[in-house]
Amino acid sequence: MNYISTRNNNIKVSSAYAIAHGISTEGGLYVPESIPQLDENDISNLIELDYIGKAEYILKKYLTDFTDEEIGACVRGAYTGSFDDEKPAAIAQLGDSINILELWHGPTCAFKDLALQLLPYLLTTSTKKVSDGKKTVILVATSGDTGKAALEGFRDVENTEIIVFYPSEGVSPMQKLQMDSQKGNNVHVCAIKGNFDDAQSGVKKIFTDNAIKETLAKSGMEFSSANSINWGRLVPQIIYYISAYCDMIAKGDDLSKGFNVVVPTGNFGNILAAYYAKEMGVPVNKLICASNANRVLTDFINTGVYDRNREFYTTMSPSMDILISSNLERMLYILSDCDDKYISNLQSELASAGKFTVNDTVLAKLQNLFYGACCDDEGTLKTIKNTFDKFGYLCDTHTAVAVNAYEQYIEDTNDKRPVLIASTASPYKFAKSVLSALSTDIPKSEFDTVDALSELTGTTVPAPLAELKDATARFKDIYDKNDMYNALCKCLKIK
């Protein structure tokens, strides 16, 4: 299978090349030339497999230039001993029809682990095929969870350096401590004065600057990405939606009319993976895109106008504090029947004017697939409390946004078919916000807050977070958002 750039259909590369390089030279994102299909026999086979077996089965359909042995080694390395009870994507049942897909039982307690435990294996295998022995420099922009998951996944991986940029005032205290205390000889963490979009734009600018790439090449290095602009980050996420479908069948859910999927959405990668699962044959009815107060995606789905020229809100669901959703480009490429020139024009408009409007045909397809809803911080707190009071289930701030969006969808459509709600982080990563939904007594210390939340709710603090109590910050530098290249040079010791 070849991979095509969303901005130039003439560029066709192998999966190894797409994963090793992350982004196309002209700034486009790589997408598979076709979407492989799953028939009834495939689903029957998948139901009988554990998560590792499912991952191998699905990856073989996308990574056709990898040998079966290579895929097996990557998957076993990523998912063996890394997740609670060897279940990377467990389902919690709320009531009769609500399935919570818990994607936070990995080493950093966020859904990014399911991709970022696997990506280092995929990347090192890919670079051996296509990169002539160069050292890979992983650049990451994060709104919180991707950074820690990428740092942990690439820690001390041979022949790699990883540099993470995050907004200094745009992550939770727990997320900040996770990143700043990261161990490893090849890891670098840089806070910036700005928001996630500033970090993401800065990384993309570095990626596509030929002079910077030449400087790196002279030192025997080349860039790649651990953000979901990299296909190697996105393809592992398809697996857990297919796995969840198999698990729902196995436990006897009535899926004769399909089911809905709700995803708390920022950069659009997680919900895009659900779309790919749908196109492969998983009977997803509606993809419900849940946004926080930064409702650029909700407005886009409802109007066809994507406009980042608006107030940016720093919310209690910081991983969704995003106004430029990079993976939307992949979705629009598909909806425009792979019209690369159309996509290039839209992205040029976004870069120059901060907005674009899709045509009526694309909008109709978008609205047929997606339902958009948003929830502010007040609604998030109410949803955390209501969900705990009604079901005894404690969810984090991002999952609460998704639950709230689902409730809006039910009220709007009365569609009561089964639903799968992606739960993207442990509530203990956002302990102060979650506790404030349930109590007015909030300790000053982050870890006293964690303990209070555990005592109040009778839930257990995940070990990776509890162990941070005695962690010491290694990384303390804060850079201007326009000084990211100098930060990179300092990290890599190049001029």
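All figures in this text were calculated on a predicted structure; none of them were measured in a lab.
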Checklist line | From CA spacing to verdict: side-chain contact (heavy atoms from CB on, under 4.5 Å), Tyr62, Ile238 | finding: CA-CA 11 Å; Tyr62 281 102; Ile238 300 170; 3.9 Å; yes
Item checked: Check against salt bridge (charged side-chain N to carboxylate O under 4.0 Å, His left out), Asp145 and Lys429 -> CA-CA 9 Å; Asp145 288 332; Lys429 293 196 78 166; 2.7 Å; yes
Next item on the list: Take Asp299 and Arg310, measure what salt bridge (charged side-chain N to carboxylate O under 4.0 Å, His left out) needs, and give me the verdict at the end.
Entry: CA-CA 12 Å; Asp299 294 341; Arg310 60 181 68 206; 2.8 Å; yes
Next item on the list: Check the pair Glu70 / Lys129 against salt bridge (charged side-chain N to carboxylate O under 4.0 Å, His left out), numbers first and verdict last.
Entry: CA-CA 12 Å; Glu70 286 171 335; Lys129 294 176 181 288; 2.9 Å; yes
Next item on the list: May I have the step-by-step check of ring pair (Phe, Tyr, Trp, His ring centres under 6.0 Å) for Trp231 and Tyr3, ending in yes or no?
Entry: CA-CA 9 Å; Trp231 178 253; Tyr3 287 76; 5.6 Å; yes
Check: Between Ser5 and Asn8, does a side-chain hydrogen bond (donor to acceptor under 3.5 Å, both in side chains) hold up when you go through it step by step?
Finding: CA-CA 5 Å; Ser5 169; Asn8 186 345; over 6 Å; no
Notebook entry, point to check: Where do Thr124 and Glu158 land on the side-chain hydrogen bond (donor to acceptor under 3.5 Å, both in side chains) test, with the steps shown first?
Noted result: CA-CA 8 Å; Thr124 52; Glu158 186 179 359; over 6 Å; no
Checklist line | Worked verdict on Lys382 versus Glu378 for salt bridge (charged side-chain N to carboxylate O under 4.0 Å, His left out) | finding: CA-CA 6 Å; Lys382 288 180 179 177; Glu378 182 180 356; 3.3 Å; yes
Note to self: Is there a side-chain hydrogen bond (donor to acceptor under 3.5 Å, both in side chains) between Lys112 and Thr142? Walk through the geometry before answering.
What the structure shows: CA-CA 11 Å; Lys112 309 295 176 73; Thr142 185; 5.7 Å; no
Item checked: Derivation and outcome, ring pair (Phe, Tyr, Trp, His ring centres under 6.0 Å), residues His398 and Phe111 -> CA-CA 11 Å; His398 304 76; Phe111 81 101; 8.8 Å; no
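Put simply, the side chain of Ile288 reaches to within 4.5 Å of the side chain of Tyr406, judged on heavy atoms. Using a 4.5 Å heavy-atom cutoff, the side chains of Val358 and Leu346 are in contact.
In this model, a donor atom of one side chain and an acceptor atom of the other lie less than 3.5 Å apart for Tyr333 and Asn9. No hydrogens or angles considered: a donor-acceptor pair under 3.5 Å links the side chains of Gln182 and Lys148. When only modelled atom types and interatomic distance are considered, Asn404 and Gln408 share a side-chain donor-acceptor pair under 3.5 Å. With no hydrogens or angles considered, no side-chain donor-acceptor pair links Ser317 and Thr397 at under 3.5 Å. In summary, the side chains of Glu169 and Thr314 do not present any donor paired with an acceptor at a separation below 3.5 Å, with no hydrogens or angles considered. At a cut-off of 3.5 Å, with distance as the only test, a side-chain donor of Ser15 or Asp65 sits close to an acceptor on the other residue. A donor-acceptor pair shorter than 3.5 Å can be found between the side chains of Asp396 and Thr399. Side chain to side chain, Asn486 and Asp483 meet the donor-acceptor criterion of an N or O pair below 3.5 Å.
Here Phe268 and Phe370 bring their ring centres to under 6.0 angstrom of each other.
By the side chain to side chain contact (heavy atoms under 4.5 Å, CB included) test, Ile334 is found to be paired with Tyr275, Tyr276, Met331, residues two or more places apart in sequence or in another chain being considered. Residues satisfying the side chain to side chain contact (heavy atoms under 4.5 Å, CB included) test with Thr303, not counting sequence neighbours, are Val305. Every residue two or more places apart in sequence or in another chain was checked for a ring pair (Phe, Tyr, Trp, His ring centres under 6.0 Å) with Phe66, and none qualifies. Under the side chain to side chain contact (heavy atoms under 4.5 Å, CB included) criterion, Ser143 pairs with Phe196, Ser319, Ile322, not counting sequence neighbours.
Expressed to the nearest 0.5 Å, how far CD1 of Ile23 lies from OG1 of Thr6 amounts to 8.5 Å. To the nearest 0.5 angstrom, Leu394 atom CG is 9.5 Å from Thr387 atom OG1. A distance of 7.0 Å separates NZ of Lys176 from OG of Ser168, quoted to the nearest 0.5 Å. Here the NZ atom belonging to Lys493 is positioned 8.0 Å from the CD atom belonging to Glu161, to the nearest 0.5 angstrom. Atom CD1 of Ile229 sits about 8.5 Å away from atom CG of Asn327, to the nearest 0.5 Å. Note that OG1 of Thr315 and CG of Asn292 are 4.0 Å apart. Values are rounded to the nearest 0.5 Å.
Under a 3.5 Å cut-off, the side chain of Asn368 and the backbone N or O of Ala364 do not form any donor-acceptor pair. Judged by distance alone, the side chain of Ser325 and the main-chain N or O of Asn267 form no donor-acceptor pair under 3.5 Å. The main-chain N or O of Met1 is found under 3.5 Å from a side-chain atom of Thr64 such that the two form a donor-acceptor pair. Looking at Asn195, its side chain never comes within 3.5 Å of a backbone N or O of Phe312 through a donor-acceptor pair. For Thr265 (side chain) and Val263 (main-chain N/O), a donor-acceptor pair under 3.5 Å exists by modelled atom type.
Under the 30°/60° scheme for interplanar angles, the aromatic rings of Tyr17 and Tyr30 are found to stand perpendicular.
More than 12 heavy atoms of other residues, nucleotides or ligands sit less than 6.0 Å from atom CG of Asn309. Heavy-atom neighbours of Asn185 CG from other residues, nucleotides or ligands within 6.0 Å: at or below the threshold of 12.
Closest approach of Ser24 to Ile11, counting heavy atoms only: OG-CD1, 3.5 Å. Minimum interatomic distance between Thr357 and Tyr342 (heavy atoms only, all atoms of both residues): O-OH, 4.3 Å. For the residue pair Cys74 and Leu118, the shortest heavy atom distance occurs at O-CD1, 3.5 Å. Counting all heavy atoms, side chain and backbone alike, Pro236 lies closest to Leu122 at CG-CD1, 4.5 Å. Among all heavy-atom pairs drawn from Val401 and Ser291, the shortest one is CG1-O, 3.3 Å.
Asp477 and Lys490 are joined by a salt bridge, as a carboxylate oxygen and a charged side-chain nitrogen come within less than 4.0 angstrom of each other. With salt bridges taken as basic N to acidic carboxylate O contacts below 4.0 Å, none links Glu446 and Lys432. Under 4.0 Å is where a charged nitrogen must lie from a carboxylate oxygen, and between Lys213 and Glu222 no such pair does.
For residues 134-191, no residue pair satisfies the ring-ring contact (aromatic ring centres under 6.0 Å, His included) rule, not counting sequence neighbours. Sorted by first and then second residue, the salt bridge (Lys or Arg N to Asp or Glu O under 4.0 Å) pairs with a member in residues 314-337 read Arg7-Glu329, Asp337-Lys365; sequence neighbours excluded.
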